[in-house]
Every structure is written in C-alpha cells, then in structure tokens.
Amino acid sequence: MSSSYWHPFADMAAVVAGGELVLERGDGCSVWDVDGKRYLDATASLWYCNVGWGRSEIGDAAAAQMARLPTYSNFGDIVMPVTLELAERVADLAPVPGSKVFLTSGGSDSIDTATKMARRYWQLLDEPDRTILVRREKAYHGMHTAGTSLAGIPANAAGHGALIQDVIEVPWDDPDSLRAAIEDVGAERVAAFFCEPVIGAGGVFPPPDGYLEAVRAVCRDTGVLFVADEVITGFGRCGDWFVSTRFRLEPDIVTCAKGITSGYLPLGAVLASPRVAEPFWADGGGMWRHGYTYSGHAAVAAVALVNIDILEREELPGRAKAMEGSFLDALKSLADHDLVEDVRGGLGLLAAIQLRTDLVDADPAIGARVGAATRGAGVLVRPLVGGALAVSPPLTIQDSEIEELVAGLRTGLDAVA
Ligand SMILES: Cc1ncc(COP(=O)(O)O)c(C=O)c1O
C-alpha cells in the first residue's frame, strides 16, 4: 500500500519500491518494528538519542507540563518558569560562562539563527560589511536556507537556485587555508566561520591534531566570529558536555539541538557568548526581529530538563569519554575486512567505518547496500556520503551491545563483499 507520507532525505520512488521500515517501540539501545523484529540502534536515531529509549520520566515531565500549560508564545517579554529554568541550566553548561541562550526548534533553526545573529552583531558594531560566512568542505549545517548555503557536501546544496550569497569554502583540515581565505577577501568583510568540531554527516572526520585550536586562533586574530556547530557533538556525545569545552575553544556562538532533549521532543539552542550577546542586550540594541513560534516551548523545555538530569545523574558525557578508546578499538577490529579502508573516531561515541574509496568510486551505492545488509542483520547504522557508515549509539550502550554492533557490521560487510 502506498502511503501519503513524504520522507525527508529520501528518494521516494525507491522508498515506494523497497518499502518502509516502520518502527513502533524503543528501550535502551533497541528499537522494534511493527512486526516485532528488534534492531540494535547503533546511531541513536539521527545522532540524538543520547540517553537511550524508553525513559518514561521524560514523557511524564512533558505530560505534566502539558496539563499545566503546554506553552505560550515567548515573543517580547512573555515566558514560562520551566523555560527560564532551562536557559539557566544550559547557560551553566555552556563552554563560555555568562552565555545567553536563544531557543529554537532544532539544529537547522539554530544555524539559521546563528547566521543572522553573526551578521546582525556586526551591524550593531557598525561594521556592516562583515557579511561573509565561511564554511568548511564536507560541512553539514542543516537544511534551512542558511544551512543549505553552508553545505560543504555539494549534493546537499545543488538544485535549488541561488542560495545565500557571501559564502566561501575552505578545506576541512587546514587552518592556514582559513587564514589565507580571510586575508584574501579581507577580514573586514568576514562575519563568521562555521565549524563542526567533529564533521558529522560529511563522513565523521575528527579534527586533525591541533586543528581546532589553530582555527580558533585564526578567528581571534582576524576578529571573525567562531561558531561551533555542536548539534551532534553537544550534550555528551564526544566525552564532555561540548567539544568546545574539551578543547577550551571558547566559541563566540555555539549551535546545538539533538542531545539537548535526546530527541524526545524537538529543540535547538544557540549559545551566545557575552561578546556576541552584549550589543543585542545593551540599551539601544533595539528589537531583534527574529524568533520562532515554538522558541522556548514549555513542554519541550520540561523534556530537556529531565534529559539533562539523566545525562548528569548517570554521568553520560564522562561515560562516553571513558569508553571512547575501547569503542574505537572494537570497531577497528573491522579494519581487516576487504571492504574497509579505515575506521575513524576517538572522540566519545562517534565513529565511522570508511569503505574502500576505489569501491565507492566504482559503485557509490555500496555504502547503502552494506547499510541495508547490516540492518538485515538487526543493526541500524547510517550510510553517509563517500561510503562511510556512521556509528553513534546511545551513550548508555553496553559492552555486549558493542559486540553485537561489530558482529552485525561484519555480517553486512560480508554480505556485500
Ligand atoms: C552539525 C549539524 N548541524 C545542524 C544540523 C541540523 O539539525 P536539524 O536536522 O535538527 O535541523 C545537523 C543535523 O544533523 C547537524 O549534524
């Protein structure tokens, strides 16, 4: 039966031909489809379910807030106690003390907000020519118009006509190129550099040694705002609350989403450091005509608070750090496979199995086929551009489940070899 549901990021003809995977239940690191088949969720859905499935206390908090007051518009001066509490809580965790918290409905909203915040910041500082946004090769910053314009994965930007102007791209791994690019156009024209501390959808590329510190220094030297896109890496995934905290990057702006609620309800946040927030909050800053209907949604805030409680109580960011070595070692046991070129990871529970690039060049669909075969073996992994298979389980994953993950991947690889 064909359904009316139009899937995101999908070739609908292929979905109609191949059928859908209809999931109905989750618990811990497992999810079940409507036929009762269990899968190991090795990706925490789309990199977000950091606390794992089945946390009824999160649902209870949402239900209680919905019974009291689901939400109310936060435009202007209105707010709910639970939203204020969340902002304080997130500000306390922010990589830069004294940050202000602008809430959104997800990661793409956060990126859109960050681009506008960066450009308006320079307007307020009387440097209106600072409009250029710098992206990295391989970057993924969501799919709103701003994020699409910042896409370093060419296929993600293609086919939509003119996007945001004044965007330049630099190699993903070379701080000197960033400095040269900024000098080339003139620092006085550059608003912000967008940086995923670990490149996610572009293939899971951890930063080369010293890279993050070096690009941070380039931004400091040139005045360019450093925006850390921690939509995937924030809230524990990479072994601290933020990679920016782990590497002491002190970003001017941090974008986050996903792990802030573990996806139990949609939420994003933009953390503006005091440098950036100050001119907006100062007398004369004026109204910033930006915000979303569901910015600060109360039931979502209640969910985020309980999710953060769980991350704290179970010390899940620290757990991700403690397990990062053994997790990567377990995945590296697949490096001997004929289809595998490399296993990337090492920062928390975020990794990718890179298939051999000669095979990927010859057959770009090979990653999808390994992913499908791995799913057949009961393990959900995520094929990415370039033939990498992403692995980012809930931070609660047990050793026995890591063994199951590796075995499922080997079965998937064998099936395609
Ligand atoms: C680094 C990064 N930024 C932004 C986004 C966009 O987030 P969302 O899909 O919640 O809009 C994503 C989504 O995967 C992401 O990985």
Side-chain angles (χ1 to χ4, degrees), residues 7-10 43-50 95 102-118 133-153 155-157 163-164 167 169 172 192-207 212 215 226-238 242-244 249 251 253-271 292-295 297 300 303-304 307 344 347-352 381-386 388 390-392:
H7 290 247
F9 261 93
T43 60
S45 183
L46 200 51
W47 336 80
Y48 59 68
C49 193
N50 290 1
F102 192 103
L103 295 174
T104 73
S105 303
S108 299
D109 276 9
S110 295
I111 288 292
D112 221 85
T113 298
T115 58
K116 290 173 73 179
M117 188 183 278
L133 309 171
V134 187
R135 68 173 188 234
R136 290 160 81 201
E137 190 190 356
K138 302 184 191 297
Y140 185 86
H141 296 293
M143 288 286 104
H144 286 352
T145 303
T148 307
S149 307
L150 292 171
I153 301 170
N156 283 354
L163 297 166
I164 294 180
V167 176
E169 181 172 295
W172 72 275
F193 170 59
F194 283 74
C195 179
E196 292 163 272
V198 176
I199 286 177
V204 184
F205 287 87
L212 292 174
V215 287
F226 180 80
V227 183
D229 183 355
E230 299 235 24
V231 165
I232 290 177
T233 54
F235 292 88
R237 162 102 9 235
C238 287
F242 296 93
V243 174
S244 297
L249 299 179
I253 297 174
V254 179
T255 51
C256 42
K258 298 192 189 273
I260 191 171
T261 56
S262 290
Y264 277 71
L265 282 177
L267 177 65
V270 180
L271 317 184
Y292 305 106
T293 294
Y294 302 119
S295 286
H297 192 287
V300 178
V303 160
N307 175 63
R344 292 187 289 267
L347 278 180
L349 298 183
L350 180 58
V381 294
R382 182 149 179 267
L384 300 175
V385 284
V391 183
S392 58

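These numbers were taken from a predicted model, which means no experiment stands behind them. Whatever order the structure lists ligands and atoms in, that order sets their numbers, starting from 1.
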### Query
What about the rings of F226 and F194, do their centers lie closer together than 6.0 Å?
no
### Message
Which residue in the set N156, T255, D229 passes side-chain hydrogen bond (donor to acceptor under 3.5 Å, both in side chains) when paired with H141?
### Response
D229
### Message
Taking salt bridge (Lys or Arg N to Asp or Glu O under 4.0 Å) as the definition, give me every residue that meets it alongside E169, ordered by chain and number, with sequence neighbours left out.
### Response
R135
### Task
Check each protein residue for a heavy atom under 4.0 Å from ligand 1 and list those that pass, ordered by chain and number.
G106, G107, S108, Y140, H141, G142, E196, D229, V231, I232, K258
### Message
So which atom in A192 and which in V227 form the shortest heavy-atom distance, rounded to 0.1 Å?
### Response
CB-CG2, 4.0 Å
### Message
Any side-chain to backbone donor/acceptor pair from R344 onto G203? Under 3.5 Å, distance only.
### Response
yes
### Message
Donor-acceptor check, side chain of T104 to backbone of D109, threshold 3.5 angstrom: yes or no?
### Response
no
